[in-house]
Amino acid sequence: MDGSSAPGPVAGDFLTLLKQRRIISDIPHGLTNHSGLTETVATTILGFKFADGVLVAGDRRATAGNVVMYDRADKVLEIDRHSVMAIAGSPATAWEMARILEHSFQFYRRSQLQEMSVEGKVRSLSKLLRDNLGMVMQGLGVVVPLFAIYDKKNPDPAKLFFYDAMGAQFEATDFASSGSGAAAVRSVLYYEQNWGVSPLRERSREDAILLALKALDTAAEADTATGGIDRHGKIFPIIKTVSAAGIATVSDDKLSELFQAHVA
Amino acid sequence: MIDEPYRWVEAISNRREYIENELATGSPTIGLSFSKGILLLTFGRDRRKIFEIYDRIAMGAIGHPGDIERLRMTAIELAGTEGFTRSAADVSLRRMVTYSFSPALKQAFEQIYGAPYLARILFAEVGPSEESDLFVRLDYDGTMHANSMGGGKNRENFGAIAGTRRGLERVESVLSRAKVSNLRSALEAAIRAWGSGFYAAGEDHPDAPEESVVNEFVKSRLEQYSIEAALLERGGTASRVAFVEVPESDLEAALSKFR
């Protein structure tokens with residue numbers, strides 16, 4: 001019973017609580033990766049703004065060197081009712097970060113009796129990435145995420161952020177991508193934004209989903225680490241949209257239908 | 001002083017009397033389980049008294065705001081760290097109250113050179129069905145009462161706390177007779193239970209009040225007190241977080257009967 005214990009440097013900070021109780025430990029410094037361990041990494045993710053809000057998508061492949069570790073990885077993670085994090089890099093670290101974030105936002109809301117601000121949430125992820133710097137310097141556990149949030153109170157409610165591995169946060173105006181297939185995805189989105197039928201922000205949900213499928217398929221064409229769309233195993237990317245109504249996941253049936261009709 | 005057993009017993013008994021006096025004016029908090037989930041309701045004057053603890057757990061309290069705050073933070077921290085290290089499914093109200101809260105409250109109460117917790121808490125945990133909803137009343141001395149402790153015991157579909165024993169009996173008697181089918185009827189039953197309990201506790205009213213007296217009493221209290229209600233929704237929602245505040249419009253509709 002130490003609910004009375006003096007609040008940490010920042011009231012309502014779940015991370016401080018975890019560290020105080022030694023539930024998560026600080027990352028050891030000074031180690032180098034001589035173990036010959038081939039790290040599992042997850043690849044291509046993308047996000048862009050469309051008419052209703054933000055769309056976030058990720059392929060399903062996780063690789064370790066040239067081995068496909070897992071072809072059904074979920075890289076697009078719901079953090080709370082209006083925010084989504086997508087991960088590229090080490091799933092071991094990224095899934096843990098997502099869990100910490102989810103618990104941090106809820107812990108803050110419950111203990112402080114108010115919702116954390118959008119800026120606060122975006123900073124929280126930045127802080128986790130910075131805390132991970134020791135690992136990054138050792139060449140392991142690198143995570144380069146995207147973070148999408150819908151802020152009802154803001155006149156410009158759809159927000160999309162991307163980060164570098166050290167925790168710098170950048171707000172994307174229209175689109176962002178990360179992971180090994182990012183360059184291809186970025187080219188597709190840039191082209192569509194400037195010379196496509198209409199700017200991304202004016203596209204309907206269905207058009208946005210279709211574009212995400214095409215962009216991931218393009219990435220998979222040249223990058224073996226990107227799973228793309230598995231026509232035989234019926235493995236489709238994970239696509240989520242964040243809008244005023246909350247988060248919606250596009251069903252595999254819907255993806256299959258769109259894919260058959262417009263992409264295949 | 002504590003060298004002498006008699007003095008210790010006397011000190012504890014004084015302490016109990018003091019705390020009971022302090023709690024006596026507390027406004028009851030009602031927990032009522034029905035098909036949609038658990039409704040928690042109270043009326044307060046100046047501060048919030050119903051709080052979200054974890055995904056499926058909430059609490060209401062009577063007592064000193066400082067003590068309530070300490071207990072509330074402890075509950076949030078315990079549940080949060082358990083949910084993080086294991087999983088949300090491993091967070092259990094029964095475990096939390098039995099193994100963490102009850103012993104700590106008893107110890108604080110009986111250490112007569114330290115300050116006891118001036119608080120009485122109602123915890124509620126929503127389950128997959130009405131039969132699995134759990135209410136636990138936890139007192140300043142660590143004693144607890146649950147609506148069911150498993151086994152064959154008759155279950156109650158409610159839990160409540162009140163300032164006095166008689167107040168609690170009144171609340172429970174109303175709730176045990178209530179027929180609840182939806183949020184509206186749950187709100188009305190809870191408001192009536194609150195009125196009966198607070199009426200019995202506040203003044204010298206040994207007998208159960210007539211319904212019209214309760215209605216009149218609630219009406220008169222509405223000038224100083226405002227209603228506060230939350231729902232722990234059962235399943236169904238996209239998120240696993242069950243706690244939602246009851247919309248203002250629903251509260252007004254339920255109160256219109258008493259205005």
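These values consider heavy atoms only, across backbone and side chains, with no hydrogens, waters or symmetry-generated copies. Order of the sequence lines sets the chain letters (A, B, ...), proteins ahead of strands, with each chain counted from 1.
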Quiz item: Within a reach of under 6.0 Å around CD of B:Glu10, are more than 12 heavy atoms found that belong to other residues, nucleotides or ligands?
Solution: yes
Quiz item: Does A:Arg130 CZ have over 12 foreign heavy atoms under 6.0 Å away?
Solution: no
Quiz item: Of the non-hydrogen atoms in A:Leu113 and B:Arg72, which two are nearest, and what is the gap between them?
Solution: CD2-NH1, 3.7 Å
Quiz prompt | Heavy atoms of other groups near B:Arg86 CZ, more than 12 under 6.0 Å | solution = no
Quiz item: More than 12 foreign heavy atoms under 6.0 Å from CD of B:Glu252: is that the case here?
Solution: yes
Quiz item: Nearest 0.5 Å, what's the CZ-CD1 distance between A:Arg110 and B:Ile57?
Solution: 9.0 Å
Quiz item: Could you give the distance from CD1 (B:Ile76) to CD (A:Gln106), rounded to the nearest 0.5 Å?
Solution: 11.5 Å
Exercise. Could you check if a side-chain atom of B:Thr85 sits within less than 4.5 angstrom of a side-chain atom of A:Arg21, using non-hydrogen atoms only?
Key: no
Practice problem: Return the minimal non-hydrogen interatomic distance between A:His103 and B:Gly80, and the atom names on each side. | Solution: CD2-O, 3.8 Å
Self-check item: Pairwise side-chain contact, B:Phe84 with A:Phe107, heavy-atom cut-off 4.5 Å (strictly under)
Solution: no
Quiz item: Should we say atom CD of B:Glu17 is surrounded by more than 12 heavy atoms from elsewhere, each under 6.0 Å from it?
Solution: no
